[in-house]
Amino acid sequence: MILKMEDMNHLKPSSFLSSDGSLTVHAGERLGRDIVTNSITTPVVNTTSYFFKKTSELIDFKEKRFVSHEYARYGSPTTMVLEEKISALEGAESTLVMASGMCANTVMLLALVPRNGHIVTTIDCYKETRNFMETFLPKLGITVTVIDSADTTGLEAAVIKHEVSMFFTESPTNPFLRCVDIELVSKICHKRGTLVCIDSTFATPLNQKALALGADLVLQSATKYFGGHNDVLAGCISGSTKLVSEIRKLHHVLGGTLNPNAAYLLIRGMKTMHLRVQQQNSTALRMAQVLEAHPKVSRVYYPGLPSHPEHHIAKRQMTGFGGVVSFEITGDLETTIKFIDSLKIPYIATSFGGCESLVDQPAITSYWDLPQEERVKHGIKDNLVRFSFGVEDFDDLKADVLHALNAI
């Protein structure tokens, strides 16, 4: 698997692939790949090591006159195709894929935030991300300022008061789908030399181009919409070659490597991602409108609705609003359980972004270990529901949800 450096130019997207839909199918493959084959599909290269024909070839590799693979922990030809495909979609110079979204998250923070550094993040975010920031990073002397997603004044005050290494947030966030003005926060942070990383998992690069809006890095849990079939774990981080290379160095040491078989499933899943996401965008928006009008639903959280606090931001920086809708049932914990148990189509499960619809009650699935008063501090009420719409027929999903609401 040895190529001369100049032979790698054909891996970059060409003008004949001008849309995201074409890039999801062909980027990294139709444009060339580091595997000698005339197979339409990308082969899975299962090996732990790659050999060199002569010692002189190994020396050429070490002195960067050849691009080659050396050891599977550092990547594989199959993984390389996946990284090229994601880079093309994100508009990134480089992408690094890892074994999970949390792996990408934690390695990125460890690689780019120095000992005794400072991070700014937002209140609404994935629970395990917050746990890592609040319980592990302080062991390295790293401190964290937490602000509301819309509090740009607080962000500006933080970067002035502290030497902030990074502003990290989700947009949209989990589970309330708050949206951060990526262009504005990037301008605020870059004035002070602060990096901006956006976890864009709920949006995908099909709905939101975080790098084009000014972010330095964009993170995805590829488990979700990229894989799209609830059958593979992965994460990725995209950005400039300089920043991604710094993360890659630590990743090679820590070893959260993505298996080539998982990389293949992601490549295959991404070929239909634009079709799936279009369907999920449409279904979620229509269902959000149905839910908001229903008397047994007290509140709906969806950036595509005018009632959403950041709807104006979402309209400006997103082309679609994603397949997840969060909402609060008019009732208590038991009423909400009855609603969920009355649904026939969605599985009661965590995660989102797959072909199958999933539903969960965050108070139980994510925050059950906390007492109710602590859950409320995080905004997690007992009647909160997170619904990930799959690719099932809209009318079937609507009928199922309305039937469940009528049952309470």
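Note that the structure is predicted; figures quoted are calculated from it, not measured. All residue numbers refer to positions in the sequence shown, counting from 1.
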Salt bridge check, Lys127 against Asp369: does any charged N sit closer than 4.0 Å to a carboxylate O? yes

Could you verify whether a donor N or O on one side chain and an acceptor N or O on the other, from Thr201 and Glu170, lie under 3.5 Å apart? no

Give a yes or no answer on whether the side chain of Thr78 reaches the backbone of Pro43 with a donor-acceptor pair at less than 3.5 Å. yes

Run the salt bridge (Lys or Arg N to Asp or Glu O under 4.0 Å) check on Lys296 and Glu328 step by step: do they pass? CA-CA 9 Å; Lys296 292 184 180 179; Glu328 291 168 359; over 6 Å; no

Side-chain donor/acceptor pairs under 3.5 Å, residues 259-269, sequence neighbours excluded:
| from | atom 1 | to | atom 2 | distance (Å) |
| --- | --- | --- | --- | --- |
| Asn259 | OD1 | Asn261 | N | 2.7 |
| Asn259 | OD1 | Asn261 | ND2 | 2.7 |
| Asn261 | ND2 | Asn46 | OD1 | 3.2 |

Run the side-chain hydrogen bond (donor to acceptor under 3.5 Å, both in side chains) test on Arg178 and His308 for me, step by step, so that the C-alpha distance in whole Å, both residues' side-chain angles and the decisive distance to 0.1 Å come before the verdict. CA-CA 8 Å; Arg178 300 289 302 276; His308 189 279; 5.5 Å; no

Checking side-chain hydrogen bond (donor to acceptor under 3.5 Å, both in side chains) for the pair Lys338/Thr335: CA distance, chi angles, key distance, verdict? CA-CA 5 Å; Lys338 185 176 181 181; Thr335 304; over 6 Å; no

Can you see which heavy atom on Leu370 is nearest to which on Glu374, and at what distance? CB-CB, 4.0 Å

Are Phe61 and Phe66, when compared by the centres of their aromatic rings, separated by less than 6.0 Å? no

Looking only at heavy atoms, what is the nearest atom pair of Cys197 and Ile237, with distance? SG-CD1, 4.0 Å

Are the side chain of Glu90 and the backbone N or O of Leu211 linked by a donor-acceptor pair below 3.5 Å? no

State whether the side chain of His311 and the backbone N or O of Ser307 hold a donor-acceptor pair below 3.5 Å, judged by distance alone. no

What one should report as the nearest heavy-atom pair of Ala158 and Thr145 is CB-CG2, 4.3 Å

Between Lys62 and Glu70, does any side-chain N to carboxylate O distance fall below 4.0 Å? yes

Between Asp360 and Arg386, does any NZ, NE, NH1 or NH2 come within less than 4.0 Å of an OD or OE carboxylate oxygen? yes

Using the rule given for ring-ring contact (aromatic ring centres under 6.0 Å, His included), can you reason through Phe202 versus Tyr225, listing the C-alpha separation, both sets of side-chain angles and the distance that settles it, and then say yes or no? CA-CA 8 Å; Phe202 276 81; Tyr225 291 102; 7.8 Å; no

Inspect the contact between Lys242 and Glu246 and indicate whether a charged nitrogen and a carboxylate oxygen are less than 4.0 angstrom apart. no

What one should report as the nearest heavy-atom pair of Met98 and Leu258 is O-CD1, 3.6 Å

Decide, yes or no, whether a salt bridge links Asp20 with Lys209 under the criterion of side-chain N to carboxylate O below 4.0 Å. yes

What orientation do His69 and Tyr50 show, parallel under 30°, tilted 30 to 60°, or perpendicular over 60°? tilted

Measure the acute angle between the ring planes of Phe327 and Phe339, then classify it against the limits of 30° and 60° as parallel, tilted or perpendicular. perpendicular

Between Ser87 and Thr95, is the side-chain hydrogen bond (donor to acceptor under 3.5 Å, both in side chains) condition met? List the steps. CA-CA 6 Å; Ser87 289; Thr95 292; 2.7 Å; yes

Regarding Arg286 and the six-membered ring of Phe394, is the cationic atom NZ or CZ under 6.0 Å from the ring centre and inside 45° of its axis? yes

Nearest atoms (heavy-atom pairs only) where Val244 meets Ser238: CG2-C, 4.1 Å

Of all the heavy-atom pairs spanning Asp124 and Pro175, show the shortest one and how long it is. OD1-CD, 3.1 Å

Report yes or no: does Ser282 contribute a side-chain atom to a donor-acceptor pair with the main-chain N or O of Gln279 at less than 3.5 Å? no

Below 30° counts as parallel, above 60° as perpendicular, anything between as tilted: where do the rings of Phe387 and Phe389 land? parallel

Under the side-chain hydrogen bond (donor to acceptor under 3.5 Å, both in side chains) criterion, do Asn105 and Asp199 qualify, and how do the steps go? CA-CA 9 Å; Asn105 190 336; Asp199 183 335; 5.0 Å; no

Flag for Gln208-Ser200: side-chain donor and acceptor within less than 3.5 Å: yes

